[in-house]
Protein chains: 2
Amino acid sequence: MYIKCQVTHKVKRLHMATIKDVAKQANVSIATVSRVVNNGPKVGKETRERVLNVMREIGYVPDANARALVKQKSDTIGVVVPDISDPFFAALASGIDKVARKNNVQMLLSTTAVDAEAEQKAIEMLIERRCESLVVHSKKLSDEALLTLAKRVPGMVIIDRYIEEIAERCIWLDNYQGGRIAARYLHTLGHKHVACITSSYQIEDPKLRLQGFTEGLSDVNVSVRCVEQGEPNQQGGEKAAQAIISQHPEVTAVFAYNDAMAIGAISTLEDNGYKVGQDISVIGFDDVLIARYSRPKLTTLKYPIELMAQQAAELALNINKASDNSPNISLYKHLPQLVKRESTHLLG
Amino acid sequence: MYIKCQVTHKVKRLHMATIKDVAKQANVSIATVSRVVNNGPKVGKETRERVLNVMREIGYVPDANARALVKQKSDTIGVVVPDISDPFFAALASGIDKVARKNNVQMLLSTTAVDAEAEQKAIEMLIERRCESLVVHSKKLSDEALLTLAKRVPGMVIIDRYIEEIAERCIWLDNYQGGRIAARYLHTLGHKHVACITSSYQIEDPKLRLQGFTEGLSDVNVSVRCVEQGEPNQQGGEKAAQAIISQHPEVTAVFAYNDAMAIGAISTLEDNGYKVGQDISVIGFDDVLIARYSRPKLTTLKYPIELMAQQAAELALNINKASDNSPNISLYKHLPQLVKRESTHLLG
DNA sequence: TTGAAAGCGCTAACAC
DNA sequence: GTGTTAGCGCTTTCAA
């Protein structure tokens with residue numbers, strides 16, 4: 001028994017100080033220590049001082065895991081995104097982080113490949129960690145899978161996707177209208193020969209944007225000359241533009257799936273002697289950082305992702321508190337906003 | 001007593017299923033359930049099946065907090081950065097996330113304002129969460145403060161900063177040499193009238209880069225014509241360039257503190273009739289995404305932050321395992337690499 | 001192969 | 001004001 005105690009003690013030295021250590025040193029009970037740690041109400045001024053000092057001395061740091069265990073909550077908001085190095089998702093994460101900080105909550109980030117299984121696992125991991133709030137960007141999981149998950153986790157909200165059954169927990173962008181807005185603008189500028197660069201990824205967003213674009217255009221009796229697919233990055237945009245100018249030299253305006261593709265397209269166009277913003281118009285989508293840095297500055301549709309992320313975080317955090325059961329769902333649908341810069345021009 | 005039990009039971013229904021629920025349902029002890037959850041060795045095949053089924057049925061998800069408590073480790077790597085929406089730090093986070101995923105570890109992100117107290121608190125919070133590994137980017141905390149923290153947390157590594165006493169836990173970039181490299185290159189191109197745009201933030205990096213730049217230049221008998229300070233962003237670069245062209249029109253080359261400032265400078269320059277890459281050269285620092293998207297494409301010094309972050313994460317993770325006590329510290333110092341693109345030109 | 005029991009560090013009654 | 005105590009959900013000996 002002696003030996004065991006000694007060993008235990010020895011091991012302890014390597015670990016962090018616990019509430020017991022503080023209690024012993026300060027000659028109080030652990031309850032009292034707990035009270036001063038949590039700024040509890042009934043603690044003698046002198047006692048509090050003494051405990052505080054001991055805490056400082058031995059470098060006591062409360063164990064959040066233990067606390068989470070007994071309180072049944074971890075003050076953590078979980079976030080699922082495909083890739084944090086993508087500026088779009090960085091903005092998303094940043095928005096969530098801002099409201100998390102304001103609410104004294106930590107952000108736990110889980111990245112996924114763009115892959116259903118990875119998405120499922122990422123969410124599961126956050127549930128294991130007992131995140132009471134979750135903001136999930138998922139493109140690959142089925143509606144059913146997401147629904148099941150949502151049922152299990154009341155504080156889970158979906159961002160960038162609309163699922164009717166849980167509409168009150170979806171913060172999303174109307175991609176279809178985005179396409180229409182682009183179409184209308186190009187029409188206003190007088191363009192009759194337009195092309196569209198879309199993403200080859202099999203998710204809804206590009207389809208909806210293209211559909212909105214096409215329909216918006218056909219409303220004014222112009223039809224899309226050609227649709228080029230590609231990876232949704234600069235290179236994809238470059239290749240697509242190549243195809244467009246070689247096969248459809250009559251085109252005077254291009255609507256790209258996102259800013260990266262738009263900028264890739266611009267690069268190809270300029271390299272081939274076109275003056276973007278004079279000879280040809282290019283319009284992007286998202287309005288990420290590069291849209292402002294590019295030359296010519298990119299006309300694009302602003303995806304207010306940071307704002308949406310903040311809203312999503314707020315929602316996720318609030319569901320668990322006072323559940324405002326009359327949410328104004330109409331506020332959850334966002335519309336992209338046209339940002340006119342230099343890459344588009346009035347025809348003729 | 002009855003009442004209490006009932007109440008307890010009622011509350012339980014709202015919460016997640018626990019190991020006990022599984023045990024009861026499957027008619028085994030919690031020890032057995034634990035074994036199957038952790039793929040323990042000695043469990044009867046039939047028993048395992050039964051337990052697995054029950055787990056699925058009642059949707060059991062182990063509580064990571066409880067596990068962390070008893071195992072005294074949380075399989076979490078903590079990261080401290082000022083602002084995740086900054087592409088530079090997004091890249092840093094992404095690097096860490098990659099190795100975290102590979103090691104089945106979650107990433108806990110803590111952002112700070114650029115402020116000593118916030119940095120301290122961020123780190124403390126991660127210690128509370130019992131992150132066994134930490135990667136910290138801190139510019140405002142003093143060496144002493146960082147040293148104290150490092151002593152308390154063996155798995156803490158510092159990134160983007162060198163502190164001699166814990167050199168074996170610092171992954172850093174030689175900013176001074178970066179400045180020299182820029183100087184040498186500009187000299188090679190024949191420039192004699194050069195300016196420097198530096199950051200007004202009071203941290204070491206800009207000072208070192210400027211010092212390296214100045215000394216590198218004076219080695220070849222050219223002196224820096226003027227040094228403009230500004231916020232380390234596009235706008236700061238714009239203003240600085242304004243000052244340079246109005247006060248020192250003879251300047252033919254500019255070394256900017258970072259890519260954002262460089263691009264701001266380019267923007268002002270072009271707006272004032274200069275052809276960057278022909279009339280005047282601009283060189284940036286970092287090589288973030290925008291350097292490749294800008295027009296002209298930016299010549300810059302690559303800060304291999306993602307690589308460094310991976311190395312930092314690897315180091316932080318390994319310190320706690322087999323402590324390789326003969327680390328090759330020389331590998332921890334990184335050199336920025338010149339990336340020649342279009343914003344610089346041979347003079348004359 | 002399985003179960004009983006002792007905690008991990010902490011909070012929250014409840015008692016004094 | 002302060003202490004005692006019963007867990008939170010889990011892992012891990014030690015017995016059986």
So, using salt bridge (charged side-chain N to carboxylate O under 4.0 Å, His left out) as the criterion, who are the partners of [X] when residues are at least two apart?
{"X": "E124(A)", "answer": "R152(A)"}
{"X": "E314(A)", "answer": "K102(A)"}
{"X": "K139(B)", "answer": "D205(B)"}
{"X": "D75(B)", "answer": "K73(B)"}

Exercise for review: Please name all residues satisfying ring pair (Phe, Tyr, Trp, His ring centres under 6.0 Å) with Y332(A), sequence neighbours left out, ordered by chain then number.
Suggested key: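 With sequence neighbours excluded, Y332(A) shows a ring pair (Phe, Tyr, Trp, His ring centres under 6.0 Å) to no residue whatsoever.
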What is the separation between atom [atom1] on [X] and atom [atom2] on [N], rounded to the nearest whole Å?
{"X": "I30(B)", "N": "dG7(D)", "atom1": "CD1", "atom2": "P", "value": "14 Å"}
{"X": "K20(B)", "N": "dT11(D)", "atom1": "NZ", "atom2": "P", "value": "14 Å"}
{"X": "D21(B)", "N": "dG9(D)", "atom1": "CG", "atom2": "P", "value": "8 Å"}
{"X": "N38(B)", "N": "dT12(D)", "atom1": "CG", "atom2": "P", "value": "7 Å"}
{"X": "K24(A)", "N": "dG3(D)", "atom1": "NZ", "atom2": "P", "value": "14 Å"}
{"X": "N39(B)", "N": "dT12(D)", "atom1": "CG", "atom2": "P", "value": "13 Å"}

**Prompt:** In residues 51-74 of chain A, which residues come under 4.0 Å of DNA chain D by heavy atom?
**Reply:**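 Under 4.0 Å from DNA chain D: L69(A), V70(A), Q72(A).
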Check: Do any of residues 42-49 of chain A sit with a heavy atom less than 4.0 Å from DNA chain D, and if so which?
Finding: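 Contacts with DNA chain D under 4.0 Å: K42(A), V43(A), G44(A), T47(A).
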Worksheet item: More than 12 foreign heavy atoms under 6.0 Å from CD of E168(B): is that the case here?
Response: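 Counting other residues, nucleotides and ligands, CD of E168(B) exceeds 12 neighbours.
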Discussion item. Side-chain N or O of S29(A) versus OP1/OP2 of dG3(D): is the shortest distance under 4.0 Å?
Written reply: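 Checking S29(A) against dG3(D): at least one side-chain N or O falls below 4.0 Å of OP1 or OP2.
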inquiry  = Looking at S34(A), I'd like to know whether one of its side-chain N or O atoms comes within less than 4.0 Å of OP1 or OP2 on dT11(C).
reply    =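 Yes.
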| Strictly by modelled atom types, are T76(B) and R129(A) linked by a side-chain donor-acceptor pair under 3.5 Å? |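 Yes, side-chain donor-acceptor contact under 3.5 Å.
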Taking atom types as modelled, find out whether T112(A) and E119(A) have a side-chain donor-acceptor pair closer than 3.5 angstrom.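 T112(A) vs E119(A): no donor-acceptor pair found between side chains.
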> Is I96(B) close to Q310(B) at the side-chain level, that is, under 4.5 Å between some pair of heavy atoms?
Replying inline: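 When only atoms from C-beta onward are counted, I96(B) and Q310(B) do not touch, as no gap falls below 4.5 Å.
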Which residues satisfy the side-chain contact (heavy atoms from CB on, under 4.5 Å) test with S142(A), sequence neighbours excluded?
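Per chain and number, S142(A) pairs via side-chain contact (heavy atoms from CB on, under 4.5 Å) with E144(A), A145(A).
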(Q) Holding to side-chain contact (heavy atoms from CB on, under 4.5 Å), I want the full list of residues that pass it with S94(B), two or more places apart in sequence or in another chain. (A)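 S94(B) satisfies side-chain contact (heavy atoms from CB on, under 4.5 Å) with D83(A), I84(A), S85(A), K98(B), E306(B) once adjacent residues are dropped.
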Compute the bend angle of the helix from dT1(C)-dA16(D) to dC16(C)-dG1(D) from the end axes (five pairs per end), rounded to 10°.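 Overall, the helix from dT1(C)-dA16(D) to dC16(C)-dG1(D) bends by 40° from one end axis to the other.
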Practice task
Grab the two heavy atoms, one from I319(A) and one from P154(A), that are nearest each other, plus how far apart they are.
Solution key: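 Nearest pair, atom of I319(A) first, then P154(A): CG2-O, 3.4 Å.
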All N/O donor-acceptor pairs, side-chain side in residues 55-65 of chain A, below 3.5 Å, sequence neighbours left out:
residue : atom : partner : partner atom : Å
D63(A)  : OD1  : N65(A)  : N            : 2.7
D63(A)  : OD1  : A66(A)  : N            : 3.1

*Where does the angle between the aromatic ring planes of Y162(A) and W172(A) fall among parallel (under 30°), tilted (30 to 60°) and perpendicular (over 60°)?*
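Rings of Y162(A) and W172(A): tilted, as their planes differ by 30° to 60°.
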Note to self: Heavy atoms only, 4.0 Å cut-off, all strands: where does V28(A) land among base, sugar-phosphate and nothing?
What the structure shows: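 Sugar-phosphate only.
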Polar pairs (N or O, both sides) under 3.5 Å between protein and nucleotides 13-16 of chain C?
none

